Trainee: 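First the structure, then my questions, so here it is.
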Amino acid sequence: MSTINDIAKAAGVSNATVSRVLNNDQKLQVSSETRKKIFDVADSLNYTKYKKKIPTAIGTISVIQWYTREQEINDLYYLSIRWGVEKRLRENNYKIKNIFSFEEFDNIKNTDGIVAIGKYSPDQIKQLKSLDVPIVVVDSDTMRYEVSCVTTDFDSSVFKIINHFTKNKHSKIGMIAGQEETTDNQKLYDPREMAFIKYMSISNLFNQNYIFKGPFNIDSGYALMNKAIKKLGRNLPTAFFIASDELAVGAIRALEEQHISIPDRVSIVGFNGSAIDNYLSPSLSTIEVDKQEMGSDAVDLLLKIKDKSLKHSVKLTIGTTLTLRESSKKLWLYDK
């Protein structure tokens, strides 16, 4: 069995760097090229930190990632889900066939089941169902297609954030939402934005001019917050819900460059939870999502479908936790 030392030698980096990359340490400053090289070497050496000896594999499960390898390395949210999937599959003595990007659909052959991570169009779901094997999709609601899935509780999560803001006397609340599309160019609507509009409307606080949308990455968060500052000026909301922690990192940088105090002038709450959140300055309040649990629960659900203990498609919704840090004022500041 290969070791971290083997990977370090092959990749030309230190053991510590390999360990921190494989353990999803986002505090580590390392280029995407180096990160990709480490993962590629680890895959080539058949290494995983979860690896255990499998006496006899009882079958093969295909794990489809809607991202390419490079995209996955730059967005550790989906990498963490895949790790959760693979860990549980190995615990159940299954071989794993990794498929990166739906472009490789034709490579899915002789499989006993599929865990599909990410977002898929109706046509792509139809293609998956045509294989006539058990399927579970992670991070997308596919119940309308009669395909079982594991999702995050976006609705309750957004309610927690808006409730936190309104209890802290915020009435002007903005959102930086994410924009995505499937690999066959079908536009997706962010369920966080849907929940935000719903609860802000119920509270009679909704203002369409306070929503800014762009890709899920740091540069986008930076550009969108700068756009909000320029467009709204003195009318800039006093609080922002930001649809991912990556977007939030960029947004915080934009606010700091404009000398807009966080949280005294603008409070920020992100979404997803990552290792870096507690080490930002100010540290980031966020909705914590257990990505690896989503992956492992998807496998458990798949195995129930495979052994026919489930007769109908199932949607499993994973709860979240609102973790408050320096980027948003805490409730006790206003308690009497």
Side-chain angles (χ1 to χ4, degrees), residues 24 26-27 32 66-67 71-81 118-119 139-140 152 154 157-158 160-162 164-165 170 172-181 187-197 199-200 208-232 236-258 260 262-263 265-289 291 320-328:
N24 193 10
Q26 295 187 26
K27 293 182 291 178
S32 59
W66 77 315
Y67 276 3
Q71 288 174 317
E72 183 193 60
I73 289 167
N74 291 322
D75 186 344
L76 298 183
Y77 175 82
Y78 286 107
L79 177 61
S80 297
I81 293 175
K119 314 290 199 310
D139 198 47
S140 184
T152 300
F154 293 110
S157 300
V158 174
K160 292 174 190 176
I161 294 169
I162 294 175
H164 165 68
F165 282 149
H170 293 287
K172 293 165 58 178
I173 304 170
M175 180 180 183
I176 291 181
Q179 287 184 323
E180 293 178 301
E181 59 181 37
K187 290 190 179 298
L188 299 166
Y189 197 67
D190 187 352
R192 283 157 285 213
E193 183 182 357
M194 295 173 63
F196 179 81
I197 292 172
Y199 287 117
M200 290 294 289
Q208 183 64 49
N209 293 325
Y210 291 168
I211 296 181
F212 299 84
K213 293 189 282 188
F216 278 100
N217 59 60
I218 293 173
D219 290 341
S220 175
Y222 177 78
L224 292 171
M225 184 57 78
N226 273 320
K227 181 178 179 180
I229 294 167
K230 183 177 180 180
K231 176 180 177 181
L232 300 174
L236 187 71
T238 60
F240 271 91
F241 161 44
I242 303 184
S244 78
D245 289 355
E246 282 195 322
L247 284 168
V249 169
I252 288 172
R253 180 157 60 92
L255 289 166
E256 289 177 336
E257 286 184 1
Q258 296 296 324
I260 297 173
I262 308 169
R265 172 59 181 88
V266 176
S267 287
I268 299 289
V269 175
F271 202 101
N272 287 342
S274 66
I276 198 172
D277 293 345
N278 202 39
Y279 298 93
L280 295 172
S281 182
S283 55
L284 179 62
S285 296
T286 192
I287 289 288
E288 302 279 355
V289 178
K291 283 81 70 177
T320 63
T321 302
L322 173 59
T323 299
L324 297 175
R325 299 190 180 97
E326 296 169 349
S327 70
S328 66

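Worth saying up front: this structure is predicted, and the values here are computed from it rather than measured.
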Trainee: Can you check whether I242 reaches F212 side chain to side chain, under 4.5 Å on heavy atoms?
Mentor: no

Trainee: Going by the angle between their ring planes, with limits at 30° and 60°, are F241 and F196 parallel, tilted or perpendicular?
Mentor: tilted

Trainee: Examine the side chains of Y77 and D245 and answer whether a donor and an acceptor come within less than 3.5 Å of each other.
Mentor: no

Trainee: Distance check, rounded to the nearest 0.5 Å: L280 atom CG versus R253 atom CZ?
Mentor: 12.0 Å

Trainee: Which atoms form the tightest heavy-atom contact between S220 and L247, and what is the distance?
Mentor: OG-CD2, 3.8 Å

Trainee: So how far is it from L324 CG to T286 OG1, rounded to the nearest 0.5 Å?
Mentor: 10.0 Å

Trainee: Are M225 and F240 packed together at the side-chain level, in the sense that at least one heavy-atom pair is separated by less than 4.5 angstrom?
Mentor: yes

Trainee: So do E193 and I197 actually touch side chain to side chain, heavy atoms under 4.5 Å?
Mentor: yes

Trainee: Using a 4.5 Å cut-off on heavy atoms from C-beta on, say whether the side chain of Y222 contacts that of E257.
Mentor: yes

Trainee: May I ask you to check whether F271 and F154 place their ring centers less than 6.0 Å from one another?
Mentor: yes

Trainee: Provide the closest heavy-atom pair for A251 versus I176 in the form atom of the first, atom of the second, distance.
Mentor: CB-CD1, 4.1 Å

Trainee: I'd like to know if the side chain of S328 pairs up with that of S267 as donor and acceptor (distance under 3.5 Å, no hydrogens or angles considered).
Mentor: no

Trainee: Starting from the C-alpha separation in whole Å, work towards a yes-or-no answer on side-chain contact (heavy atoms from CB on, under 4.5 Å) for D139 and W66.
Mentor: CA-CA 11 Å; D139 198 47; W66 77 315; 5.9 Å; no

Trainee: Hey, does the side chain of K213 reach the backbone of M175 with a donor-acceptor pair shorter than 3.5 angstrom?
Mentor: no

Trainee: Which pair of heavy atoms, one from A248 and one from G270, lies closest together, and at what distance?
Mentor: CB-CA, 4.5 Å

Trainee: Any side-chain heavy atom of T321 within less than 4.5 Å of one from V289?
Mentor: no

Trainee: Given 3.5 Å as the limit, does a donor-acceptor pair link the side chain of R265 with the main chain of I260, or not?
Mentor: no

Trainee: When you measure from the side chain of R325 to the backbone N and O of S283, does any donor-acceptor pair fall under 3.5 Å?
Mentor: no

Trainee: Using every non-hydrogen atom in the two residues, find where Y67 and E180 come nearest and quote the distance to one decimal.
Mentor: OH-OE2, 4.2 Å

Trainee: Sub-3.5 Å donor-acceptor pair from the side chain of S327 to the main-chain atoms of L284, do we have one?
Mentor: no

Trainee: Atom OG of S285 and atom CG of L322: how far apart are they, to the nearest 0.5 Å?
Mentor: 7.0 Å

Trainee: Compare all side-chain heavy atoms of I252 with those of P282 and state whether any distance is below 4.5 angstrom.
Mentor: yes

Trainee: Measuring from H170:NE2 to I162:CD1, what's the distance to the nearest 0.5 Å?
Mentor: 12.5 Å

Trainee: When rounded to the nearest 0.5 angstrom, what is the spacing between CD in E326 and OG in S281?
Mentor: 6.5 Å

Trainee: Could you state the interatomic distance from NZ (K187) to CD (Q179), rounded to the nearest 0.5 Å?
Mentor: 6.5 Å

Trainee: Can you see which heavy atom on N272 is nearest to which on K291, and at what distance?
Mentor: O-NZ, 3.0 Å

Trainee: Under a 3.5 Å distance rule, please check whether K160 uses its side chain to pair with a backbone N or O of I287 as donor and acceptor.
Mentor: no

Trainee: Begin with the C-alpha distance, continue with both residues' side-chain angles, and end with the deciding distance and a verdict on side-chain contact (heavy atoms from CB on, under 4.5 Å) for N209 and K231.
Mentor: CA-CA 9 Å; N209 293 325; K231 176 180 177 181; 4.0 Å; yes

Trainee: Minimum heavy-atom separation for A177 and L224, please, with both atom names.
Mentor: O-CD1, 4.4 Å

Trainee: Okay, side chain of T320, backbone of E288: is any donor-acceptor separation there less than 3.5 Å?
Mentor: no

